[in-house]
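Notes to accompany the following structure.
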Amino acid sequence: MVKVIQTAKGSGQMWKELDPISLKEEFDTRVDHVRVDSSKTFQTHLGFGGAFTEAAAYTLANTTEENQKDVVKAYFSKSEGIGYNLGRTTIGGCDFALEPYMYIEEGDDNLDTFNMERDSRWVIPLVREAEKVSGGLTLMCSPWSPPAFMKDNHDVNHGGHLQKKYYGAWAKYMTKYILGMKEQGIDISMVSIQNEPEAVQTWASCIVDADEEAVFAVDYLSKELENAGLSDVKIIIWDHNKDNIYKRVRETLSYKNAKEIVWGVAYHWYVTDKSENLAMVHEAFPDKHLIFTEGCVEIVNNSGVTSSNEGIGAWSHGETYGRNIINDFNHYCEGWIDWNLVLDEMGGPNYVGNYCEAPIIIDRNSNRVVYNLSYYYIGHFSKYIQPGAKRLLCRNEALQDIYTVAYKNPDESIVLVIQSESDDKHPMAIEIDGAGTNVELPPHSITTYIIH
């Protein structure tokens, strides 16, 4: 029997369990057809997660204790939530913080004043609680900017480059962060060189070109990690958009020993949705792991209107998540880490007004937890595709508006997710290893099929 979980626009119910269906040898194939072949497998799935920004931690800390418990459970519980097992932390402040912040006093190139007390206030307690509820997380960390004195523009914000004379100090700084988290009982498994290294932002940012990234990773950070007994921490490059990912990775990995040092490639979804660029990276460097590390729906001018020209929580925002997850997974993405876990009703706090939507919003006016469509769409994957699952060959004959992906879990169950963005009902034939059935997809729906 096939278990069926569905979320459809206008149905009034998310993750609705429909009557089970069965697969049989004879079924109607004169409609759009999706074929799954479990004998052909691809990348191994690492899991799903979100970012423990200061904005998220602060927002959650300032609501009721009941809301705090509900949100952590909603994300990280395997039985009562959507089963997050991944997470991202920021090395110092990012735009989703109350202000830019560093762990040292300005000008301290010896790092004598290094102190992570700021993170102990909101971020670290949230990470600990999430780890307790989840049973353990795989965490990555990313820096937004070195201290101002280390940069050629002498500004945490507005881009600039890390000065070569501070490469060693900055590598030590990043390593001290990972050690500091370890002292708090939190293990960091992965570290990226720089968040969005080609972006000059009005918030914390730093330009790092391909050569700079390679030199810093190979000649400084990897050695500092090894000296600190952290050689098991995986180094990740890029951590930026899909548009330029192939060219950038090829350039960075051309540096001596870079292929041996670099474990994987992180990317974001802004600017373009060309998932085929991920496949180009995989085909050129099949031993490098592709991880999605940031994406969100941006809010325009704090007007409550989002980048899709619809309000917060619009149905299309959930579809944006589902479509990107499916397309990226079909092009070798191994893990999916969303941006802020939770934000307030303004889409913040954010010290430069760069407001965004999160899957879960805390409405401070009513002290109410709001679950946006993106939360439910993510759950259609994360609740059912287990870490360690293998992606399967999944042929989708629909010409448009239908997106499909399939995985085989470690427990041998097969998970097929079908998203319809059609305005009309859509008949489909589903075939798993030669046996099939016919279904009708409601307009603007996402359906998860679990085959045991």
Side-chain angles (χ1 to χ4, degrees), residues 47-78 80-91 93-98 119 121-142 144 181 186 188 195 266 268-269 291-299 312-313 317-318 320-321 325 335-350 354-364 367-379 381-383:
F48 280 84
F52 295 88
T53 60
E54 184 177 73
Y58 173 83
T59 299
L60 206 52
N62 283 277
T63 187
T64 66
E65 187 174 333
E66 182 180 4
N67 284 348
Q68 294 172 30
K69 289 180 179 178
D70 285 349
V71 169
V72 173
K73 183 172 65 176
Y75 272 130
F76 296 99
S77 171
K78 294 178 177 66
E80 299 178 77
I82 61 174
Y84 273 8
N85 67 307
L86 305 179
R88 186 184 188 206
T89 64
T90 68
I91 302 178
C94 63
D95 50 323
F96 279 92
L98 304 187
D119 284 352
R121 189 171 182 184
W122 298 301
V123 174
I124 289 174
L126 178 56
V127 175
R128 282 179 175 155
E129 190 62 26
E131 291 213 300
K132 185 169 71 175
V133 171
S134 67
L137 297 175
T138 298
L139 297 170
M140 73 161 291
C141 61
S142 307
W144 264 245
M181 292 293 273
I186 298 168
I188 298 293
N195 175 73
H268 304 173
W269 79 12
I291 312 291
F292 176 82
T293 53
E294 186 184 319
C296 68
V297 176
E298 297 163 285
I299 295 176
I312 291 176
H317 301 169
T320 296
Y321 272 82
I325 290 170
W336 183 277
I337 304 176
D338 188 37
W339 192 206
N340 300 279
L341 287 165
V342 59
L343 293 172
D344 63 30
E345 76 287 346
M346 301 276 287
N350 183 293
N354 180 35
Y355 299 108
C356 295
E357 183 179 297
I360 297 180
I361 295 289
I362 300 293
D363 186 336
R364 294 171 299 175
N367 240 336
R368 185 170 61 97
V369 179
V370 179
Y371 296 87
N372 286 324
L373 260 296
S374 49
Y375 172 80
Y376 295 103
Y377 266 70
I378 293 168
F381 304 89
S382 63
K383 283 168 66 70

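Please read these numbers as outputs of a predicted model, since none were measured by experiment. Throughout, residue positions are numbered sequentially from 1 according to the sequence presented.
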### Message
What verdict does the side chain to side chain contact (heavy atoms under 4.5 Å, CB included) test give for Arg88 and Asn195, after you've listed the backbone C-alpha separation in whole Å, the side-chain angles of each residue and the deciding distance to 0.1 Å?
### Response
CA-CA 11 Å; Arg88 186 184 188 206; Asn195 175 73; 2.8 Å; yes

## Note on the structure
Distance col, row Thr320:OG1 vs Leu373:CG, nearest 0.5 angstrom, shows 10.5 Å

### Query
Under 4.5 Å between any side-chain heavy atoms of Thr53 and Cys94, yes or no?
yes

### Query
Just how far is it from atom CE of Met346 to atom CD1 of Ile299, taken to the nearest 0.5 Å?
9.0 Å

### Message
Rounded to the nearest 0.5 Å, what separates atom SG in Cys356 from atom CD in Glu294?
### Response
8.0 Å

### Task
Would you mind telling me which of Tyr75, Tyr84, Phe76 makes a ring pair (Phe, Tyr, Trp, His ring centres under 6.0 Å) with Phe52?
Phe76

### Message
How close do Tyr377 and Phe381 get, counting heavy atoms only, and between which atoms?
### Response
O-CD1, 3.2 Å

#### Entry: Val369 side chain near Ile362 side chain, heavy-atom distance below 4.5 Å
yes

### Task
Give, for atom CD1 of Ile312 and atom CD of Glu345, the distance between the pair rounded to the nearest 0.5 Å.
8.5 Å

### Message
Are there over 12 heavy-atom neighbours, none belonging to Tyr58, within less than 6.0 Å of that residue's OH?
### Response
no

### Query
Charged N to carboxylate O below 4.0 Å: is that the case for Glu129 and Lys132?
yes

### Side-chain touch Tyr321/Asp338, heavy atoms, less than 4.5 angstrom
yes

### Query
Do Met140 and Ile337 touch side chain to side chain, with heavy atoms closer than 4.5 Å?
yes

### Query
Which atoms form the tightest heavy-atom contact between Gly313 and Glu357, and what is the distance?
N-OE1, 2.9 Å

### Contacts of Trp144 that satisfy ring pair (Phe, Tyr, Trp, His ring centres under 6.0 Å) - sequence neighbours left out
Trp339

### Task
Please report the shortest heavy-atom distance between Glu54 and Leu98, naming the atom on each side.
OE1-N, 2.8 Å

### Query
Which heavy atom in Ile82 sits nearest to a heavy atom in Gly379, and how many Å separate them?
CG2-CA, 3.7 Å

### Query
When rounded to the nearest 0.5 angstrom, what is the spacing between CD1 in Ile91 and CD1 in Ile188?
8.0 Å

### Query
For the side chain of Lys78 and the backbone of Ser134, is there at least one donor-acceptor N/O pair under 3.5 Å apart?
yes

#### Entry: Arg121 atom CZ: more than 12 heavy-atom contacts under 6.0 Å
no

### Task
Please test Thr90 against Phe96 for side chain to side chain contact (heavy atoms under 4.5 Å, CB included), starting from the C-alpha separation and ending with a verdict.
CA-CA 10 Å; Thr90 68; Phe96 279 92; over 6 Å; no

### Task
Supply the atom-to-atom distance Arg364 CZ to Thr59 OG1, rounded to the nearest 0.5 angstrom.
7.5 Å

### Summary
What one should report as the nearest heavy-atom pair of Leu343 and Ala55 is CD2-CB, 4.0 Å

### Query
Who are the ring pair (Phe, Tyr, Trp, His ring centres under 6.0 Å) partners of Phe292, not counting sequence neighbours?
Tyr267, Trp269, Trp336

#### Entry: Closest approach of Ile186 to Arg128 (non-hydrogen atoms, all atoms of both residues)
CD1-CG, 4.3 Å

